[in-house]
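Report on one structure; see the data block that follows.
Quick caveat, the model's predicted, so the values are computed rather than measured.
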Amino acid sequence: MKPTILLFLVLLVFNCSSDDFNGTDDMPTEASLYFPPITGNEWETTSTASLDWDDTALEDLYTYLDEKNTKGFMILKDGRIVSERYFNGHTENANWAWFSAVKSLTATAIGVAQEEDFLNINNKTSDYLGNNWSSLTQEQQDLITVKQHLKMTSGLQNTPANFIAWTCTEPICMQYNATAGTKWQYHQGAFTQLQNMLTQSTGLNYKEYIKTRILDNIGVSGSWNSLLGANIFSSNTRGMARFGLLVLNKGTWDTTEIVSESYYNEMTRTSQNLNKSYGYLWWLNGKESFMIPGLQTVNDGYLIPNAPADMIAALGAQDQKIYVVPSQNLVVVRSGNAAGLEELASSSFDNVLWEKINAVIN
């Protein structure tokens, strides 16, 4: 190659790099995530001073959390603990119920089972629960797939007439409300059928399957119990944070893949056009509209306006929160009693909480 041509190419590359990135010092870099050991209490920390976070605003945040019936609260940055605080008699080792945040854990387990060829989310529900799992006609029932349970678009009736137990999964409780895929409606019983499908397809009780495939591999211990027919998982606050960290790393714990990145991507994007802020049992921020449980109203705007647009969330009753923010390598966890008038999603508590978190980190 002639020297003049070589010199021209070198200058061209240099100029393009300077124009595009203002020098290599300004090029974006991806911080590596830290993962605490699977056993023991060791967990690296990062100081607020090293992040240039506002300690005065953090104390204001703690006051707010205390006033709002919080039990446990954590913020992870790049996997390391920046904030860990307990309120109202709660402790680091005390368990607390995830409530419906366990839906997001179950959705992740469904992805693991699919990768192990135990089930396929595109298959009919009846492939795993048999033909008599609902009170629908065969034609209506055959339209319901595993995926529709993940999307909350099964079309099943949310509150069957003359039946009090809204968590019930007996065929009498699985009543027709709409053609599968045509209506988004939050339905506890339809969700619980996913746990039944895990049990039937894997040959392990869903509790054992979730434990051995996910929880044991990320260092989470806890217990299950039944509340009004709903299967509730409880762990300490760090357990919730560990699950959030797994999701922050797109389904891989350190170097161990728990669920594939391809399923993670599918699980955490809009799953249907009815409620654009809902994936596979995960809540999604930054979408143009959202719906909330119990109502058929479509609301314009972000689910949580003050939260980062790319945030995904596992949300449970009484304001259990696992927030995951990929753009900032953040995991934020809140557990406790209800902060006020209970709303599972898009509550004023979520929005004020993120206003106060933003004051700390921005």
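- Using a 4.5 Å cut-off on side-chain heavy atoms (C-beta onward), Asn120 and Val146 make no contact.
- Aromatic pair Trp354/Tyr323: centroids less than 6.0 angstrom apart.
- A donor atom on one side chain and an acceptor atom on the other are found under 3.5 Å apart for Ser50 and Ser47.
- Ion pairing between a basic and an acidic side chain is recognised when a charged N comes within 4.0 Å of a carboxylate O; Asp66 and Lys68 show no such pairing.
- Here the straight-line distance linking atom CD1 of Ile81 with atom OG1 of Thr46 works out to 9.5 Å at 0.5 Å rounding.
- For the atom pair CG (Leu353) and CG (Leu61), the distance works out to 6.5 Å, reported to the nearest 0.5 Å.
- A donor-acceptor pair under 3.5 Å is formed between the side chain of Gln320 and the backbone N or O of Gln318.
- Side-chain polar atoms of Thr48 and Asp55 form a donor-acceptor pair below 3.5 angstrom.
- Among residue pairs with one or both ends in residues 294-305, none qualify as side-chain hydrogen bond (donor to acceptor under 3.5 Å, both in side chains); sequence neighbours excluded.
- In summary, the side chains of Asn329 and Lys77 do not present any donor paired with an acceptor at a separation below 3.5 Å, with no hydrogens or angles considered.
- Asn217 places no side-chain N or O within 3.5 Å of a backbone atom of Ile258 that could act as its donor or acceptor partner.
- There is no path of hydrophobic side-chain contacts, each under 4.5 Å, that joins Leu143 to Leu156.
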In sequence, state the C-alpha distance, the side-chain angles, and the governing distance for Thr237 and His90, and then conclude on side-chain contact (heavy atoms from CB on, under 4.5 Å).
CA-CA 10 Å; Thr237 307; His90 203 62; 4.3 Å; yes

In sequence, state the C-alpha distance, the side-chain angles, and the governing distance for Ile144 and Leu136, and then conclude on side-chain contact (heavy atoms from CB on, under 4.5 Å).
CA-CA 10 Å; Ile144 303 178; Leu136 278 60; 3.7 Å; yes

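- With 3.5 Å as the limit, one finds a donor-acceptor pair spanning the side chains of Asp350 and Ser347.
- Between the side chain of Asn285 and the main chain of Pro308, a donor-acceptor pair closer than 3.5 Å is present.
- The backbone N or O of Asp319 sits less than 3.5 Å from a side-chain atom of Arg334, completing a donor-acceptor pair.
- With Asn265 contributing its side chain and Glu261 its backbone, the two residues share a donor-acceptor pair below 3.5 Å.
- His187 and Ser154 share no donor-acceptor pair across their side chains, judged by distance under 3.5 Å alone.
- Note that NZ of Lys147 and CD1 of Ile110 are 13.0 Å apart. Values are rounded to the nearest 0.5 Å.
- Side-chain contact, Asp142 with Gln138: a donor N or O sits under 3.5 Å from an acceptor N or O.
- No path of Ile, Leu, Val, Met, Phe, Trp and Tyr side chains, each step under 4.5 Å between heavy atoms, connects Trp96 with Val220, placing them in separate hydrophobic clusters.
- Residue Ser201 comes nearest to Leu119 through the heavy atom pair OG-CD2, 3.6 Å, listed as atom of the first residue, atom of the second, then distance.
- Among residues at least two apart or in separate chains, salt bridge (Lys or Arg N to Asp or Glu O under 4.0 Å) pairs with a member in residues 32-52 are Glu44-Arg80.
- A 6.0 Å sphere centred on CG of Asn132 holds no more than 12 heavy atoms belonging to other residues, nucleotides or ligands.
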For Leu227 and Phe99, what are the C-alpha separation, side-chain angles and deciding distance, and is it a side-chain contact (heavy atoms from CB on, under 4.5 Å)?
CA-CA 9 Å; Leu227 179 63; Phe99 292 107; 3.6 Å; yes

Run the side-chain donor-acceptor check on residues 202-211: report pairs under 3.5 Å with partners two or more places apart or on a different chain.
{"from": "Thr202", "atom 1": "OG1", "to": "Leu198", "atom 2": "O", "distance (Å)": "2.7"}
{"from": "Thr202", "atom 1": "OG1", "to": "Leu204", "atom 2": "N", "distance (Å)": "3.1"}
{"from": "Thr202", "atom 1": "OG1", "to": "Leu204", "atom 2": "O", "distance (Å)": "3.2"}
{"from": "Asn205", "atom 1": "OD1", "to": "Lys207", "atom 2": "N", "distance (Å)": "2.9"}
{"from": "Tyr206", "atom 1": "OH", "to": "Asn231", "atom 2": "OD1", "distance (Å)": "3.3"}
{"from": "Tyr206", "atom 1": "OH", "to": "Asn231", "atom 2": "ND2", "distance (Å)": "3.2"}
{"from": "Tyr209", "atom 1": "OH", "to": "Ala113", "atom 2": "N", "distance (Å)": "3.3"}
{"from": "Tyr209", "atom 1": "OH", "to": "Glu116", "atom 2": "OE1", "distance (Å)": "2.5"}
{"from": "Lys211", "atom 1": "NZ", "to": "Asp216", "atom 2": "OD1", "distance (Å)": "3.3"}
{"from": "Lys211", "atom 1": "NZ", "to": "Asp216", "atom 2": "OD2", "distance (Å)": "3.1"}

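- Checking side-chain atoms of His149 against main-chain N and O of Ala190 turns up a donor-acceptor pair under 3.5 Å.
- Here Ile292 contributes atom CD1 and Leu315 contributes atom CG; the two are 12.0 Å apart, rounded to the nearest 0.5 Å.
- Across every non-hydrogen atom of Ala314 and Trp282, the tightest pair is N-CZ3, 3.5 Å.
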Starting from the C-alpha separation in whole Å, work towards a yes-or-no answer on side-chain hydrogen bond (donor to acceptor under 3.5 Å, both in side chains) for Asn122 and Thr145.
CA-CA 6 Å; Asn122 295 304; Thr145 64; over 6 Å; no

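- For the residue pair Gln188 / Tyr186, no side-chain donor-acceptor distance below 3.5 Å is found, with atom types taken as modelled.
- In this structure, CZ in Phe87 is found 8.5 Å from OG1 in Thr63, a value given to the nearest 0.5 Å.
- A search for ring-ring contact (aromatic ring centres under 6.0 Å, His included) contacts involving Tyr280 returns nothing, not counting sequence neighbours.
- One finds the CE atom of Met240 at 4.0 Å from the CD1 atom of Ile322 (value rounded to the nearest 0.5 Å).
- Applying the ring-ring contact (aromatic ring centres under 6.0 Å, His included) test to every pair with at least one member in residues 47-69, sequence neighbours left out, gives these pairs: Tyr64-Phe349.
- Closest approach of Trp283 to Pro293, counting heavy atoms only: CH2-CD, 3.8 Å.
- Donor-acceptor pairing under 3.5 Å is lacking for the side chains of Asn95 and Ser235.
- The two residues Asn306 and Asn358 have their closest heavy-atom pair at O-ND2, 2.7 Å.
- Checked against the 6.0 Å centroid criterion, the rings of Trp133 and Tyr128 do not qualify as a close aromatic pair.
- Not one N or O on the side chain of Lys287 forms a donor-acceptor pair closer than 3.5 Å with the backbone of Tyr278.
- Using modelled atom types, no side-chain atom of Ser335 and backbone atom of Lys71 make a donor-acceptor pair closer than 3.5 Å.
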Output, in order, the C-alpha distance, side-chain angles, deciding distance and verdict of side-chain contact (heavy atoms from CB on, under 4.5 Å) for Thr125 and Gln141.
CA-CA 8 Å; Thr125 303; Gln141 184 176 271; over 6 Å; no

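- Side-chain atoms of Lys103 and Thr106 form no donor-acceptor pair, as typed in the model, at a separation below 3.5 Å.
- Contact record, Thr270 with Asn275: CG2-O, 4.3 Å, taken as the closest heavy-atom pair.
- In summary, the side chains of Thr153 and Gln148 do not present any donor paired with an acceptor at a separation below 3.5 Å, with no hydrogens or angles considered.
- A distance-only check finds a donor-acceptor pair linking the side chain of Gln140 to the backbone of Thr137 [under 3.5 Å].
- The side-chain hydrogen bond (donor to acceptor under 3.5 Å, both in side chains) analysis of residues 240-255, with sequence neighbours excluded, yields no pairs.
- Val331 and Ala241 make their closest contact through CG1-O, 4.1 Å (heavy atoms, listed as atom of the first residue, atom of the second, distance).
- Ile121 pairs with exactly one of Lys151, Met267, Glu266, Met197 by the side-chain contact (heavy atoms from CB on, under 4.5 Å) rule, that one being Glu266.
- Distance alone, capped at 3.5 Å, places no donor-acceptor pair between the Tyr86 side chain and the Gly89 backbone.
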